[in-house]
Number of protein chains: 2
Amino acid sequence: MVQRGRRTAKVSGDERQDTILITAEALLAERAFDDISIEELARGAGISRPTFYFYFGSKDEVLLALLDRVITEVEHRVGDLPRDFESDPAAAWTRSIGMFVEVFAAHRGVSTAAIAARARNEEVRALWSKSMQSWVDFSSDVIRSEQARGAAPEGVDAHDLAVSLNLMNERVITAVLDAESPAIAETSALHVLSTIWIRSIYGSDNPGRR
Amino acid sequence: MVQRGRRTAKVSGDERQDTILITAEALLAERAFDDISIEELARGAGISRPTFYFYFGSKDEVLLALLDRVITEVEHRVGDLPRDFESDPAAAWTRSIGMFVEVFAAHRGVSTAAIAARARNEEVRALWSKSMQSWVDFSSDVIRSEQARGAAPEGVDAHDLAVSLNLMNERVITAVLDAESPAIAETSALHVLSTIWIRSIYGSDNPGRR
DNA sequence: TGACAGCGTCAACACGGCGTCGAAAAGTGG
DNA sequence: CCACTTTTCGACGCCGTGTTGACGCTGTCA
């Protein structure tokens, strides 16, 4: 959890801080981050602009806190996932990818704003990068062990493959959520993504079950 | 730049405009777009800020012009590429992808700034989207014909596959150019990307030559 | 040749959002 | 009810954007 702004913890203060976050997420659902002013965030939380600075040091800090929540949710759900890559690889990968799609779709405003904010903000970049790193580590560990047991062919470095596939997911999911053009339908995204993962990891559509 | 001879107003204007573009690309090589002010662009071109507005309506318009040049270069080079997908599919895809990597690497400042600016600017988004569309069209045409001749398996919609792979390239290339973390080494990017393309299009590392 | 059109130029202004400061108000403990 | 801390905000200064009105230069033509 990222603690910023207020130093001491007071209940009413925490409520205010929460109200700001709720206001921000609500506004992000309908408007781009850049088009939201601190004034609006403050008004939405029933305070004045200078008072906003009592709770957060900047607009970016609000986004950072919001992103932190989303990432925590992902981590939580990653932990709950069954890891039966050996018995049914295709299903296991598809479930993982599907989980990401679900969580990011549920917080599309925050996700797309945060991803865009990486370019500008060091802390957002660091936080995103840290999570990305842990997903990449997870994927490349699995890929490596699939290669070791002979289920997946060598020929590409597991780490490089994992990075590329994770970056693809990030990009395709944001394109879908923002309904970019060209993009793909939200309904077919999961199928395409998991097909690409499976084909490029196993070199086949039906990796051997065990 | 002193004005003399029978130069018409238009020519000197074009030169000024060009100077602004050159200044912008130079600054973009060392600094983020947001950290460059119109004042700097103007000074770099030897004019005052208001005069800048005579040539461009906004900073974004400068970026748009720069992006346009890069895209034109890509289109030009796409046209020069041999299209021997039937005789050596792997080499043909690798060459195409390599060309993108090269051009974007040669203009990394512009590329990354433009991609970031999509979120904010409608025209940048439209221009990028148009090019992306044409690359996607090209890729999906080839994929479809590879599927038709039996070289590539069905199982995924060619268009969806093409979109996802192109988006992956965009994301991986920008990650590499910005030396993001996690990312992959610039030297291995081409190999990983083309492996993923080939495996996910053909379901194998060595698609049949003809 | 001189007067005039209009182009390129810029000083100065208006505006809007950000961040800060200091002081007032509200809350808390003795 | 006083002293002290927490919370709040009015008012200010700053910065970057975009606009406006006027000035000089240059090419043109009566």
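Throughout, a chain's letter reflects where its sequence line sits, starting with A, and its residues are numbered from 1. Quantities reported herein were computed from a predicted structural model and do not represent experimental measurements.
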To the nearest Å, give me how far apart [atom1] ([X]) and [atom2] ([N]) are.
| X | N | atom1 | atom2 | value |
| --- | --- | --- | --- | --- |
| B:Asp35 | D:dC15 | CG | P | 15 Å |
| A:Glu15 | D:dT8 | CD | C1' | 17 Å |
| A:Phe33 | C:dG17 | CZ | C1' | 13 Å |
| A:Phe54 | C:dC18 | CZ | C1' | 19 Å |
| B:Arg120 | D:dT17 | CZ | P | 11 Å |
| A:Asp14 | D:dT7 | CG | C1' | 14 Å |
| B:Glu40 | D:dT17 | CD | C1' | 14 Å |
| A:Ile47 | C:dA26 | CD1 | P | 16 Å |

So which nucleotide from [options] ends up closest to the side chain of [X]?
| X | options | answer |
| --- | --- | --- |
| B:Ser37 | D:dT8, D:dG16, D:dT20 | D:dG16 |
| A:Tyr53 | C:dG19, D:dG18, C:dT9 | C:dG19 |
| B:Arg16 | D:dT17, C:dC18, C:dT9 | C:dT9 |
| B:Lys59 | C:dG8, D:dT17, C:dC18 | D:dT17 |
| B:Tyr55 | D:dG10, C:dA11, C:dG8 | C:dG8 |

Subject >> B:Tyr202 and B:Trp197 aromatic centres sub-6.0 Å >> reply: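 No, the ring of B:Tyr202 stays outside the 6.0 Å limit from the ring of B:Trp197, centre to centre.
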Original post:
OP1 or OP2 of D:dC9 sitting under 4.0 Å from any side-chain N/O of A:Thr51?
Top reply: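 The answer is yes; a side-chain N or O of A:Thr51 sits under 4.0 Å from OP1 or OP2.
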Original post:
Are OP1 or OP2 of C:dC10 and a side-chain N or O of B:Ser48 less than 4.0 angstrom apart?
Top reply: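 Checking B:Ser48 against C:dC10: at least one side-chain N or O falls below 4.0 Å of OP1 or OP2.
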Original post:
Taking B:Leu28 as the fixed residue, which of B:Asp35, B:Val62, B:Thr23, B:Leu66 is the one that meets the side chain to side chain contact (heavy atoms under 4.5 Å, CB included) rule?
Top reply: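 That would be B:Leu66; it is the only one of B:Asp35, B:Val62, B:Thr23, B:Leu66 passing the side chain to side chain contact (heavy atoms under 4.5 Å, CB included) with B:Leu28.
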Subject >> Plane angle bin for B:Phe104 and B:Trp128 - parallel if under 30°, tilted between 30 and 60°, otherwise perpendicular >> reply: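 Ring orientation of B:Trp128 relative to B:Phe104: tilted.
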Original post:
Looking at A:Leu161 and A:Ser200, what are the two nearest heavy atoms and their distance?
Top reply: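 What the structure gives for the nearest pair is CD2-O, 3.7 Å.
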**OP:** Could you tell me whether A:Glu40 and A:Arg31 have a side-chain N and a carboxylate O separated by less than 4.0 Å?
**Re:**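 Counted as a salt bridge, because a side-chain N and a carboxylate O are separated by less than 4.0 Å.
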Subject >> Any donor-acceptor N/O pair under 3.5 Å between C:dG17 base and A:Arg49 side chain >> reply: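 Per atom types, no contact qualifies.
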